[in-house]
Visitor: 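I'd like to ask you about the structure that follows.
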There are 2 protein chains.
Amino acid sequence: MKVMRETIVSTARELFRSRGYAGASMNDLADAVGLKKSSLYVRFPNKEALVPAVLDLTLQETFGQRDPGSKQWDAEFVEVIELIATTLTDRGRCVGLHLAYGTSDETPIAKDAVRAFFQAHRDNLASILSRAMPADVARNIATDTLARLEGATAFVAIFGEKDAMKRAVRLSIEEAKNAAAAKPLSSR
Amino acid sequence: MKVMRETIVSTARELFRSRGYAGASMNDLADAVGLKKSSLYVRFPNKEALVPAVLDLTLQETFGQRDPGSKQWDAEFVEVIELIATTLTDRGRCVGLHLAYGTSDETPIAKDAVRAFFQAHRDNLASILSRAMPADVARNIATDTLARLEGATAFVAIFGEKDAMKRAVRLSIEEAKNAAAAKPLSSR
DNA sequence: GTCTATAGAAAGATAGAC
DNA sequence: GTCTATCTTTCTATAGAC
């Protein structure tokens, strides 16, 4: 029976997240979705092609359903980073980071996909923040917020601790609000 | 000719850092140090045994040469986190984090070594901070500092950007000094 | 689109000569 | 302690029947 493409992609994501690019095998993926290995090559030309698919799906789930500007900038910011933080806490690892560490010049397609993934995250966050502060400040806060969430995820992965993630969310929100108050947009 | 153990360990560290646990092979390591694969098994019983060796060496290099209490707490804190930040920026990835993501219940010895590695980092930082603030505050700031540095490393790995690391160092130092001022030790 | 079967390379690890 | 040689398993990927 036909297996849906999204099933393959989201299962590949689980494997990449937990075992990394090198550690996830096409055979494991095939078993997990109930196919034979060779059938996967009908859908994807090779293992590397799974990486953009996995990261695009994740981007879609994170930013795809949003309605930019429907809320106050701060409510929107809180909503997005809490969604990201919850996913990272629940899954215990970040697929994007595992793939970032696990890809290299030998896997250029995967490497590009990883860059696009994090660039999209930063751009989306900066876009929200830039409604209340200058673009350069927004970009830095977006970067630091993502860095904080990634770092806090390490403590979930290593110790199972969720406290660091809670503080990361709280401190990032505070930082954004402080910046909005200290450097409001002059052009309005 | 005999190859020094430290050569093997620090070369293994490079490989684990850049390729991860699964992606680094015993053959690559052998080639890199100028041995045949089978000779490695004389020194280490298996691939997993390299992990504690790699992390112990790194801990030794980071905290081993220090003289606790020889300086003011804040000077010491700055020194340590700048050493860590410089290493992470120069290498572009954190071995500890790559191994944390790349090990699992199937590699219990490696997993334990990773836990010990990060626990030692946190304990050492918290020990310095606790000279100026209560133990629980010190522990949280130590955790958040490490998380920030790990997260900033992601931006070095993905984009080659070093700015996030600079901000991570500066903000962590500020946070520590603020905490020392806001919640000084009462018992002295 | 899924399967069986297989190619060909590379992995971790061991045996035994020197 | 290092080597050659080998075992066994697993890997990515392809060929071809249904």
Side-chain angles (χ1 to χ4, degrees), chain A residues 1-54 98-99 101-114, chain B residues 1-54 98-99 101-114:
Chain A
M1 193 177 116
K2 173 154 178 163
V3 175
M4 282 189 304
R5 181 189 158 97
E6 193 183 320
T7 306
I8 298 174
V9 175
S10 74
T11 306
R13 176 169 58 186
E14 282 181 56
L15 287 173
F16 284 146
R17 180 159 40 217
S18 57
R19 306 190 183 192
Y21 183 78
S25 82
M26 295 297 271
N27 207 7
D28 291 341
L29 176 57
D31 285 349
V33 299
L35 284 178
K36 291 298 172 182
K37 188 170 40 168
S38 59
S39 304
L40 290 177
Y41 286 91
V42 175
R43 319 291 199 84
F44 297 91
N46 49 50
K47 181 177 166 183
E48 196 177 359
L50 286 164
V51 174
V54 159
H98 207 160
L99 288 170
Y101 264 60
T103 56
S104 68
D105 293 333
E106 290 163 19
T107 50
I109 294 173
K111 198 178 170 185
D112 280 358
V114 168
Chain B
M1 193 177 118
K2 171 153 179 163
V3 174
M4 280 189 304
R5 180 189 159 97
E6 193 182 320
T7 305
I8 299 174
V9 174
S10 73
T11 306
R13 175 168 60 184
E14 283 181 56
L15 287 173
F16 284 146
R17 181 158 40 216
S18 57
R19 307 188 183 194
Y21 183 77
S25 81
M26 295 298 272
N27 207 8
D28 290 342
L29 176 57
D31 285 349
V33 299
L35 285 177
K36 293 296 173 185
K37 186 167 49 164
S38 59
S39 304
L40 290 176
Y41 287 92
V42 176
R43 319 290 200 83
F44 297 91
N46 49 49
K47 182 178 167 183
E48 197 178 357
L50 286 164
V51 174
V54 158
H98 208 159
L99 289 169
Y101 264 62
T103 55
S104 67
D105 293 333
E106 288 162 20
T107 50
I109 294 172
K111 198 178 170 186
D112 279 0
V114 168

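The sequence lines fix the lettering, A, B, ..., with proteins before strands; numbering per chain opens at 1. In this text the structure is predicted, and so the values were computed from the model without any measurement.
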Visitor: Would you check if A:E48 and A:P108 make a side-chain contact, meaning some heavy-atom pair closer than 4.5 Å?
Guide: yes

Visitor: Heavy atoms from C-beta onward define the side chain here; which of C:dT14, C:dT2, D:dC11 lies closest to that of A:L35?
Guide: C:dT2

Visitor: Which is true for A:A30 with a 4.0 Å heavy-atom rule: it touches a base, it touches only sugar-phosphate, or it touches nothing?
Guide: nothing

Visitor: Side chains of B:M26 and B:K37: closer than 4.5 Å at any heavy-atom pair?
Guide: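 Sidechains of B:K37 and B:M26: in contact.
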
Visitor: Is there a donor and acceptor pair, one atom on the side chain of B:S38 and one on the base of D:dT2, closer than 3.5 Å?
Guide: no

Visitor: Just how far, in rounded Å, is C1' of C:dA10 from CD of A:E106?
Guide: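 Rounded to the whole Å, the gap is 13 Å.
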
Visitor: Take atom NZ of A:K37 and atom P of C:dA5, then tell me their distance rounded to the nearest Å.
Guide: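 So the NZ-P distance, A:K37 to C:dA5, works out to 14 Å.
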
Visitor: Calculate the interatomic distance between B:M26 atom CE and C:dT14 atom P; express it in whole Å.
Guide: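 Interatomic distance, CE of B:M26 to P of C:dT14: 10 Å.
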
Visitor: Whole angstrom is fine here: how far is it from CG in A:L40 over to P in D:dC11?
Guide: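 Going from A:L40 (CG) to D:dC11 (P), I get 13 Å.
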
Visitor: Look at the side chain of A:K47 and decide which nucleotide, out of C:dT2, C:dA13, D:dA13, has an atom nearest to it.
Guide: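 Of the candidates, D:dA13 comes closest.
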
Visitor: Could you tell me whether the side chain of A:S25 has a donor or acceptor atom within less than 3.5 Å of a complementary atom in the base of D:dT12?
Guide: no

Visitor: Mind calculating the distance between CG (A:N46) and P (D:dC11) to the nearest angstrom?
Guide: 17 Å

Visitor: Under a 4.5 Å cut-off applied to non-hydrogen side-chain atoms, are B:T107 and B:V51 in contact?
Guide: no

Visitor: What integer distance in Å separates A:R5:CZ from C:dT2:C1'?
Guide: 18 Å

Visitor: NA contact type, B:A22, heavy-atom cut-off 4.0 Å: base, sugar-phosphate, or nothing?
Guide: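 Touches nothing.
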
Visitor: Would you kindly give the CE-to-P distance between A:M1 and C:dC3, to the nearest whole Å?
Guide: 12 Å

Visitor: Counting side-chain heavy atoms from CB outward, which of D:dT2, C:dT4, C:dG12 is closest to A:K36?
Guide: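 So the nucleotide nearest the side chain must be C:dT4.
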
Visitor: At less than 3.5 Å, do the side-chain atoms of A:S39 and the base atoms of C:dC3 form a donor-acceptor pair?
Guide: no

Visitor: Between B:Y41 and C:dA13, is there a side-chain N or O to OP1/OP2 distance below 4.0 Å?
Guide: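 For C:dA13, OP1/OP2 do have a side-chain N/O of B:Y41 under 4.0 Å.
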
Visitor: What integer distance in Å separates A:D31:CG from C:dT2:P?
Guide: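 Result: 15 Å.
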
Visitor: Do A:K2 side-chain and C:dT2 base share a donor-acceptor contact under 3.5 Å?
Guide: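 By the distance-only test, no, there is no pair.
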
Visitor: Of the options C:dT2, C:dG12, D:dT2, whose atoms approach the side-chain atoms of B:R43 most closely?
Guide: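 For B:R43, the side-chain atoms sit closest to D:dT2.
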
Visitor: Measure from the side chain of B:D28, starting at C-beta and using heavy atoms only, and say which of C:dG1, D:dC3, C:dA11 lies closest.
Guide: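 When the side chain of B:D28 is considered, C:dA11 is the closest of C:dG1, D:dC3, C:dA11.
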
Visitor: Do the side chain of B:R43 and the main chain of B:V3 share a donor and acceptor less than 3.5 angstrom apart?
Guide: yes

Visitor: For the residue pair A:Y21 and A:F16, categorise the inter-ring angle as parallel (less than 30°), tilted (30 to 60°) or perpendicular (more than 60°).
Guide: parallel

